[in-house]
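Each remark here refers to the structure printed beneath this line.
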Protein chains: 2
Amino acid sequence: MGKQMTEMLKGTLEGIVLAILSLRPAYGYEITARLREQGFPDIAEGTVYALLVRFEQKGLVDVEKVPSEKGPPRKVYSLNAPGEKYLEEFWRTWSFLTERLEWLREGGG
Amino acid sequence: MGKQMTEMLKGTLEGIVLAILSLRPAYGYEITARLREQGFPDIAEGTVYALLVRFEQKGLVDVEKVPSEKGPPRKVYSLNAPGEKYLEEFWRTWSFLTERLEWLREGGG
DNA sequence: CGCACTACTCAGTGATGCTATATACTGGTA
DNA sequence: TACCAGTATATAGCATCACTGAGTAGTGCG
């Protein structure tokens, strides 16, 4: 993917996964697979799981253990109220950044 | 500024400063001041100087020492050819990210 | 049994931005 | 003189984050 993308994902991947969870609840392996389909082929599984642990520690998600037909039980994460708020804040921060960058890209006023 | 912005700036601040340099050459103190005017009040001076050192080490900028009427001599940085290329790559990476995020924001297909 | 796929975990690494401090030069003022 | 504000650069130490690489577990197929 390149170093630029890796660094740019810092802080952004968090928002991406929160956004995915806001669409509907999901578990780690599923999220990783979806990211790979959607243009992020090199997102490491370990990265996603670590993110989900952080979400849980921050109280942004609810967790439910669901048995799987194939393999160990799934940990299904769903965004709760604080999570929604946090995601809204993410979008505000993201919008601010995109506005600043769009402005710079167009010649900086 | 908040932790979200701090993390999101990782990888992005690099592009922001490169974009500022692509408009016209500038020195560290000046760049910091401009960032503060343009909505990033909490960018630390040390952050900018470290960034400029990295640019120099990567060979993305040319440096010229210019005497100042007030204070120590300025180190004026200007984007060179590899720097321009690197900036273009940054914009491509940035565009990819914004497209993915816009898509997610609008409901994820 | 061995292999592939599903599913989660964790220690160690590298890059980045922030904090805090130090250095250096000019000019104003008590 | 002594002090301080503004200009200008540099750097050591810290926290956070994504990546690497390895390990653990369960199911089904050859």
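These figures come from a predicted structure and were not determined experimentally.
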Checklist entry - Does a side-chain N or O from B:Tyr27 land closer than 4.0 Å to OP1 or OP2 of D:dT9, or not? => result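 Indeed not, no polar side-chain atom of B:Tyr27 lies that close.
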
Checklist entry - Is A:Arg54 near enough to D:dT16 that one of its side-chain N or O atoms lies under 4.0 angstrom from OP1 or OP2? => result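 No, A:Arg54 has no side-chain N/O under 4.0 Å of OP1/OP2 on D:dT16.
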
Checklist entry - Hey, mind stepping through A:Arg100 and A:Ser95 against side-chain hydrogen bond (donor to acceptor under 3.5 Å, both in side chains) and telling me if it holds? => result CA-CA 9 Å; A:Arg100 292 291 91 199; A:Ser95 298; over 6 Å; no

Among [options], which is the nearest nucleotide to the side chain of [X]?
{"X": "B:Thr6", "options": "D:dT16, C:dC18, C:dT6", "result": "C:dC18"}
{"X": "B:Tyr49", "options": "D:dT11, C:dC18, C:dC8", "result": "D:dT11"}
{"X": "B:Ala44", "options": "C:dC18, D:dA18, C:dA15", "result": "C:dC18"}
{"X": "A:Thr47", "options": "C:dT6, D:dC19, D:dT16", "result": "D:dC19"}
{"X": "B:Glu14", "options": "C:dT16, D:dT20, D:dT9", "result": "C:dT16"}
{"X": "B:Tyr29", "options": "D:dA8, C:dG17, D:dC17", "result": "D:dA8"}

Item to check | N/O donor-acceptor pair, side chain A:Lys10 with base C:dA15, under 3.5 angstrom | outcome: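 Present.
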
By the 4.0 Å heavy-atom rule, please label [X] as base, sugar-phosphate, or nothing.
{"X": "A:Glu30", "answer": "nothing"}
{"X": "B:Gly11", "answer": "sugar-phosphate"}
{"X": "B:Gly28", "answer": "sugar-phosphate"}
{"X": "B:Lys3", "answer": "nothing"}

Checklist entry - For the rings on A:Phe40 and B:Phe96, is their centre-to-centre separation under 6.0 Å? => result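 Yes: the rings meet the under 6.0 Å criterion.
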
Item to check | Residue whose nearest DNA chain D nucleotide is more 5′ - B:Ala50 or A:Val48 | outcome: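 Going by which nucleotide is closer to the 5' end, it is B:Ala50.
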
Checklist entry - For DNA chain D, whose closest nucleotide is more 5', that of A:Glu69 or that of A:Asp42? => result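 Taking each residue's closest nucleotide, the earlier one in sequence belongs to A:Asp42.
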
Checklist entry - When the distance from CE of B:Met8 to C1' of C:dA15 is rounded to whole Å, what number comes out? => result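 My rounded result for the distance is 18 Å.
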
Checklist entry - Atom CE of B:Met5 and atom C1' of C:dC18: how far apart are they, to the nearest Å? => result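 One finds 15 Å between C1' of C:dC18 and CE of B:Met5, rounded.
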
Checklist entry - Hey, is B:Lys10 close enough to B:Glu7 for a salt bridge, meaning N to O under 4.0 Å? => result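 Salt bridge between B:Lys10 and B:Glu7, a charged N being under 4.0 Å from a carboxylate O: yes.
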
Next on the checklist: Check this for me: does any side-chain nitrogen of one of B:Lys58 and B:Glu14 sit under 4.0 Å from a carboxylate oxygen of the other?
Outcome noted: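 A salt bridge is present here (some side-chain N lies under 4.0 Å from a carboxylate O).
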
